[in-house]
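These notes are about the structure you will find just below.
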Amino acid sequence: RTKSEGRGGYCFYEAEMDERIEARRALSTDLRGALDRNEFLLHFQPIVTTDGRVVCFETLVRWRHPTRGFVSPAEFIPLAEETGIIIPMGEWILRQACTIATEWPSDISVAVNLSPIQFRHSDLPLLVRSALRDSGLAAPRLELEITESVFLEATPAIKATLAELREMGVSLSLDDFGTGYSSLSYLRRLAFNKIKIDQSFVKDLPHEQSGAAIVRAIIDLATSLKMTVIAEGVETEAQRRCLLNLGCHELQGYLFSRPVPAKEAEALASRQGLRHEKIHAA
Ligand code: C2E
Ligand code: MG
Ligand code: MG
Ligand code: MG
């Protein structure tokens, strides 16, 4: 610690850095065995139409750490990507999600998040085909969510993978739209079916004028390109109303439901199938 001599602040900073690096190292060691120890589980969050009908559940992975309790995916997904664990983990998530979705009414689909690493370092079409075959889920009921960052480097290989997935009949959604640099017409060429407006834009509605203008522009252009627009992170009735006025097609957020365990998702889905029950009907 010679560098810290005479500068208490520097020393503190350095110690804090060491601690953080150590904590990350410990966590990635734990992460390595988590799959075999069955510590991952899936939660599902409904995506609803403008009249409150559930059309899809997004799969959100959870890690129940033996001593630390639930660890946020924001913390462990980047670690899983750095260590490569995202490959077997992503396969488990996809297979599990497809299997669970076969228990829902056939007009409800399942969305699964994919990591850019899965695009670069695994045979995604092969995995998707196998997950569909083994689970018996029809391809159109599977929606793959891909973040905009994948396309900063849309290589011919990535484009070919996307085209192959589309030919299989699965649906492609662009996640966290607006946080990267892609243009909508470019995305149209990559054959995306849906875009999900990032929750940071939704947060400021309906008060922020420029926010509403951006959301309106995205919705108008996407609609003219025949893409479905989903708004993420809808928490208030005012946001819901504003998004409906702007012409948004589908909504997702705590206003409708938090992500819930598979059992609860199934109950929600089958209740709707039986009684045509709607969440927050307009
Ligand atoms: P994402 O795919 O954009 O997922 C949306 C996140 O927003 C989820 O956080 C969800 O719980 C949260 N959310 C939903 N509604 C609301 C709301 O009304 N307000 C607020 N403030 N948040 C809301 P979560 O589950 O913590 O996941 C965070 C991110 O981790 C996801 O962002 C996704 O990028 C990644 N992730 C989660 N599950 C998986 C997975 O199975 N595979 C991969 N590759 N990534 C995943
Ligand atoms: Mg997502
Ligand atoms: Mg998102
Ligand atoms: Mg996100």
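Just so it is clear, the values below take in all heavy atoms, side chains as well, and ignore hydrogens, waters and symmetry mates. Each ligand, and each atom within it, is numbered from 1 in the order the structure gives.
Annotation: the span from Ser173 atom OG to Ile195 atom CD1 amounts to 10.0 Å, rounded to 0.5 Å. Between Asn38 atom CG and Leu35 atom CG the span is 8.0 Å, to the nearest 0.5 Å.
The distance from ligand 1 to the heavy atoms of Ser115 drops below 4.0 Å at these ligand atoms: 44 (N). Annotation for ligand 1: atoms under 4.0 Å from non-hydrogen atoms of Pro73 are 24 (P), 25 (O), 26 (O), 27 (O), 30 (O), 37 (C). Every atom of ligand 1 is numbered from 1 in the order shown, and the set under 4.0 Å from a heavy atom of Pro259 is 11 (O). Which parts of ligand 1 touch Ile93 is read off a 4.0 Å heavy-atom cut-off, strictly below it: atoms 41 (O). Every atom of ligand 1 is numbered from 1 in the order shown, and the set under 4.0 Å from a heavy atom of Asp175 is 1 (P), 2 (O), 3 (O). Numbered from 1 in the order shown, with element, the atoms of ligand 1 that lie under 4.0 Å from a heavy atom of Gln45 read 14 (C), 15 (N).
Contacts of Ile77 with ligand 1, taken as heavy-atom pairs under 4.0 Å, involve the side chain alone. Within the 4.0 Å heavy-atom criterion, neither part of Glu75 lies near ligand 1. Counting heavy atoms closer than 4.0 Å to ligand 1, residue Val234 contributes backbone atoms (N, CA, C, O) but none from C-beta onward. Contacts between Gln199 and ligand 1 below 4.0 angstrom, taking non-hydrogen atoms only, involve the side chain exclusively. At a heavy-atom cutoff of 4.0 Å, ligand 1 is contacted by no atom of Arg258, backbone or side chain. Heavy atoms of Val112 found under 4.0 angstrom from ligand 1: none, in either backbone or side chain.
Coordination check, Glu145 versus the Mg ion (ligand 2): passed, since an N/O/S atom of the residue sits under 2.8 Å. Look at Thr147 and the Mg ion (ligand 2): no N/O/S atom of the residue is under 2.8 Å from the metal.
With respect to Glu250 and Lys194, a salt bridge is recorded, a charged nitrogen being found less than 4.0 Å from a carboxylate O. The pair Glu235-Lys203 does not count as a salt bridge, with every side-chain nitrogen at least 4.0 angstrom from each carboxylate oxygen. Between Arg68 and Glu75 there is a salt bridge, with a side-chain nitrogen of the basic residue lying less than 4.0 Å from a carboxylate oxygen of the acidic one. Ion pairing between Glu103 and Lys263 fails under the 4.0 Å rule for side-chain N and carboxylate O.
With 3.5 Å as the limit, one finds a donor-acceptor pair spanning the side chains of Glu58 and Asn113. Side-chain contact check for Glu143 and Ser109: at least one donor-acceptor pair (N or O, by modelled atom type) lies under 3.5 Å. Residues Lys196 and Gln252 bring a donor and an acceptor atom of their side chains to less than 3.5 Å of each other.
Within the structure, ligand 1 has Arg62 among the residues with a heavy atom less than 4.0 angstrom away.
For atom 20 (C) of ligand 1, the nearest non-hydrogen atom from the set Lys203, Glu235, Glu58 comes from Glu235.
Residue contacts with ligand 1: Asp176 is placed with a nitrogen or oxygen under 3.5 Å of a nitrogen or oxygen of the ligand (distance criterion only). Geometrically, ligand 1 and Leu114 share no nitrogen or oxygen pair separated by less than 3.5 Å. Polar contact check, Gln252 against ligand 1: no nitrogen or oxygen pair lies under 3.5 Å apart.
Asp134 is linked by a salt bridge (charged side-chain N to carboxylate O under 4.0 Å, His left out) to Arg95, counting only residues two or more places apart in sequence or in another chain.
Counting only residues at least two apart or on different chains, the ring pair (Phe, Tyr, Trp, His ring centres under 6.0 Å) pairs with a member in residues 81-104 are Phe44-Trp104, Phe57-Trp104.
Without hydrogens or angle criteria, Arg141 side chain to Ile108 main chain gives a donor-acceptor distance under 3.5 Å.
Considering every non-hydrogen atom in both Ser28 and Ile85, the closest pair reads O-CD1, 4.3 Å.
To the nearest 10 degrees, the Mg ion (ligand 2) sees OE2 of Glu58 and OD2 of Asp175 at an angle of 180°.
The atom of Asp176 nearest to the Mg ion (ligand 3) is OD1, with the search restricted to N, O or S atoms.
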